[in-house]
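For reference, the structure discussed in these notes is given below.
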Amino acid sequence: MDDLSGLISMIPVGDIAEKLGVDRSIAEAAVAVAVPAIVGGLAANAKDEGGAKSIEKALGKHKGKAPRSLADVDEADGEKIVANVFGEKKADVAAAAAKKAPAKAEGVDIGAVVAQVLPIVAPIVLAFVANQFAGKQEQPAAKAEPEAPANPLGDLLGGLISSPQGQDLIAGALGGLLGGGRK
């Protein structure tokens with residue numbers, strides 16, 4: 001399970017819908033765009049050495065801590081993650097991601113829902129990436145394998161966003177917005 005669909009399947013969408021007071025289809029749509037947005041933001045920040053080191057430090061704090069329910073999610077931590085990933089562009093990212101949301105509903109501001117979902121799913125995303133990253137680091141190197149890549153974190157995140165869900169969102173709606181957080 002090392003792709004966005006596997007990660008998205010871990011999100012307690014029904015609980016999120018109940019917490020936010022929205023229809024499950026709206027919560028699913030918000031999660032479907034929030035998760036690749038966070039991964040894309042992490043990937044953009046990981047492109048330089050300082051950003052990668054900052055993310056690796058954060059991953060160390062989240063390794064093995066995959067929230068299983070909404071009660072396990074630390075939204076204050078999620079707010080910090082979102083602020084570090086997107087910086088002042090959080091509202092712009094939420095609005096751009098909402099344009100790609102697979103569901104629309106009368107009278108619902110999907111951008112506002114995405115903005116509420118980002119800090120809820122951010123700790124889940126970070127825990128998932130932390131565990132994937134740790135697993136890749138623990139794998140023994142093959143003898144005939146060339147040198148390790150210069151940016152294994154960037155490679156992992158790039159692999160996640162290369163999925164169809166990630167490509168559609170990143171290439172389309174979010175292209176120039178990502179990478180606006182602190183490095």
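With sequence neighbours excluded, the residues that form a side chain to side chain contact (heavy atoms under 4.5 Å, CB included) with Glu75 are Lys19, Val73, Ile120. For Asp23, the side chain to side chain donor-acceptor pair (under 3.5 Å) criterion is met by Ser25, not counting sequence neighbours. By the side chain to side chain contact (heavy atoms under 4.5 Å, CB included) test, Glu49 pairs with Lys53, sequence neighbours left out. The side chain to side chain donor-acceptor pair (under 3.5 Å) search around Gln116 returns none, not counting sequence neighbours.
Here the CD1 atom belonging to Ile124 is positioned 11.5 Å from the CD1 atom belonging to Ile8, to the nearest 0.5 angstrom. Residue Leu20 holds its CG atom at 10.5 Å from CG of Asp15, rounded to the nearest 0.5 Å. From Phe133, atom CZ reaches atom CG of Leu126 across 12.0 Å, with rounding to the nearest 0.5 Å. One finds the CD1 atom of Ile55 at 11.0 Å from the CD1 atom of Ile81 (value rounded to the nearest 0.5 Å). Note: Ile38 CD1 to Leu7 CG = 8.5 Å, rounded to the nearest 0.5 Å. Expressed to the nearest 0.5 Å, how far CG of Leu118 lies from CD of Glu79 amounts to 9.0 Å.
Taking each heavy atom of Ile16 and Ala27 in turn, the nearest pair found is CG2-CB, 4.3 Å. Residues Val33 and Ala98 come closest through the heavy atom pair CG2-N, 4.5 Å. Taking each heavy atom of Ala52 and Ala46 in turn, the nearest pair found is CB-O, 3.7 Å. The shortest non-hydrogen separation linking Ser69 to Pro12 is C-CG, 4.3 Å. Considering every non-hydrogen atom in both Val93 and Ala37, the closest pair reads CG1-CB, 4.1 Å.
Looking at heavy atoms from C-beta onward, His62 lies in side-chain contact with Asp77 at the 4.5 angstrom threshold.
Within the structure, side chain to side chain donor-acceptor pair (under 3.5 Å) contacts touching residues 27-37 (residues at least two apart or in different chains) are Arg24-Glu28.
Asn45 places no side-chain N or O within donor-acceptor distance of the main-chain N or O of Gly51, the cut-off being under 3.5 Å.
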